[in-house]
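Read the structure below first, then the notes.
Nothing here was measured: the structure is a model prediction, and the numbers come from that model. Hydrogens, waters and symmetry mates play no part in the numbers below; they use all other heavy atoms, side chains included.
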Amino acid sequence: MIMLTCDKCERPIEVADDQAGTKVTCPHCGDVNVVRAPTAPSDPARERTTAAEPERRVMLVRPAMFRARPGVFLLLLAAVLGGAGGAAYVAYNHQPAWWAWACLVVAAVGLAGLGAWKVATMGASLEVTNRRTISSRGLLGRETSEVMHADIRNLQIKQSFWQRIKDVGEVGISSSAQDDIEIDMKDIPRPYHVRDVIDAYRKV
């Protein structure tokens with residue numbers, strides 16, 4: 001018989017030897033676990049330590065702003081600086097007041113655009129732990145999706161030519177239980193590094 005510890009509830013599960021290399025459902029919590037072949041006699045202590053290792057964060061990434069869309073970022077920044085500078089120039093040179101108000105409106109629009117963009121990126125994240133990958137969206141409302149590393153069937157990286165130059169891209173992950181992409185995050189910096197980190201824990 002093979003004894004393993006559930007990844008989620010950490011309770012022991014006993015399975016037959018011929019189930020090595022397959023996946024079983026924990027009878028206690030319903031979590032899906034990979035049945036690994038028994039290790040050599042010299043390794044059981046290390047195997048128990050690995051199985052009992054608590055979940056910990058390995059990486060947390062958020063969508064990029066400037067790197068993802070430098071043109072839009074510079075345009076909004078120019079609106080803020082240009083509008084504020086224009087308003088100061090108009091006031092200093094005693095020009096008509098409506099010119100100053102027009103400049104301030106341009107600056108406010110640029111600032112609002114940058115602020116909304118920053119809030120959106122702060123509300124979206126891709127978290128990688130030693131057991132799973134979790135995507136989150138939203139600050140007030142919250143939408144999350146997660147895939148256990150042992151269940152990952154497909155891990156996609158999508159990059160256009162310009163995205164490759166800027167080293168940003170889209171990360172898509174699906175599990176063995178689903179045909180569709182369950183995690184899909186755009187504008188992720190260093191996407192291939194993210195993939196390498198996830199792959200490292202898929203092999204544990």
* **Gap separating the NZ atom of Lys158 from the CD1 atom of Ile181, nearest 0.5 angstrom** => 7.0 Å

* Structure fact -> Here the pair of heavy atoms bringing Ala124 nearest to Pro63 is O-CD, 3.4 Å

* Just wondering, more than 12 heavy atoms not from Arg137 lying within 6.0 Å of its CZ? -> yes

* **Candidates Arg132, Lys23, Arg131 - the one meeting salt bridge (Lys or Arg N to Asp or Glu O under 4.0 Å) with Asp151** => Lys23

* **Side-chain donor or acceptor of Arg62 paired with backbone N/O of Met122 under 3.5 Å** => yes

* Which pair of heavy atoms, one from Ala107 and one from Ala84, lies closest together, and at what distance? -> CB-N, 3.7 Å

* Say whether Val58 and Val61 are linked into one hydrophobic cluster, either directly or through other cluster members, by side-chain heavy-atom distances under 4.5 angstrom. => yes

* Closest non-hydrogen atom pair between Gly110 and Val80, with its separation -> C-CG2, 3.4 Å

* Asked: Shared ILVMFWY cluster between Ile157 and Val168, side chains joined below 4.5 angstrom?
  -> no

* Structure fact -> Here the gap from Ile183 atom CD1 to Ile152 atom CD1, rounded to the nearest 0.5 Å, amounts to 7.5 Å

* Any donor and acceptor pair, going by atom type alone, linking the side chain of Glu182 with main-chain N or O of Ser175 inside 3.5 Å? -> yes

* **Reported CD1-to-CE distance for the pair Ile173 and Met185, which is rounded to 0.5 angstrom** => 10.0 Å

* To do: On the 0 to 90° scale, with breaks at 30° and 60°, tag the Phe66-Phe73 ring pair as parallel, tilted or perpendicular.
  => perpendicular

* Is there side-chain contact between Ile13 and Pro27, with at least one heavy-atom pair below 4.5 Å? -> yes

* To do: Report, as yes or no, whether the 6.0 Å neighbourhood of atom CZ on Arg69 holds more than 12 heavy atoms from other residues, nucleotides or ligands.
  => no

* So how far is it from Ser125 OG to Leu60 CG, rounded to the nearest 0.5 Å? -> 5.0 Å

* Asked: Can you name the closest pair of heavy atoms from Pro191 and Gln159 and give their distance?
  -> CG-NE2, 3.5 Å

* Asked: Would Leu81 end up clustered with Leu104 when hydrophobic side chains under 4.5 Å apart are linked, directly or stepwise?
  -> no

* Shared hydrophobic cluster, Leu126 / Met65 (ILVMFWY, side-chain heavy atoms < 4.5 Å) -> no

* To do: Report yes or no: do Val197 and Ile188 belong to one cluster of Ile/Leu/Val/Met/Phe/Trp/Tyr joined by side chain heavy-atom distances under 4.5 Å?
  => yes

* Verify the neighbour count for atom CH2 of Trp117: are there more than 12 heavy atoms of other residues, nucleotides or ligands below 6.0 Å? => yes

* Nearest-0.5 Å distance that lies between atom CG in Leu77 and atom CG in Leu111 -> 10.0 Å

* Measure across Leu155 and Val171 and return the closest heavy-atom pair with its distance rounded to 0.1 Å. => CD2-CG1, 4.5 Å

* Interatomic spacing from CG in Asp187 to CD in Glu170 - rounded to 0.5 Å -> 9.0 Å

* Indicate the atoms forming the closest heavy-atom contact of Arg67 with Pro189, along with that distance. => NH1-CB, 3.4 Å

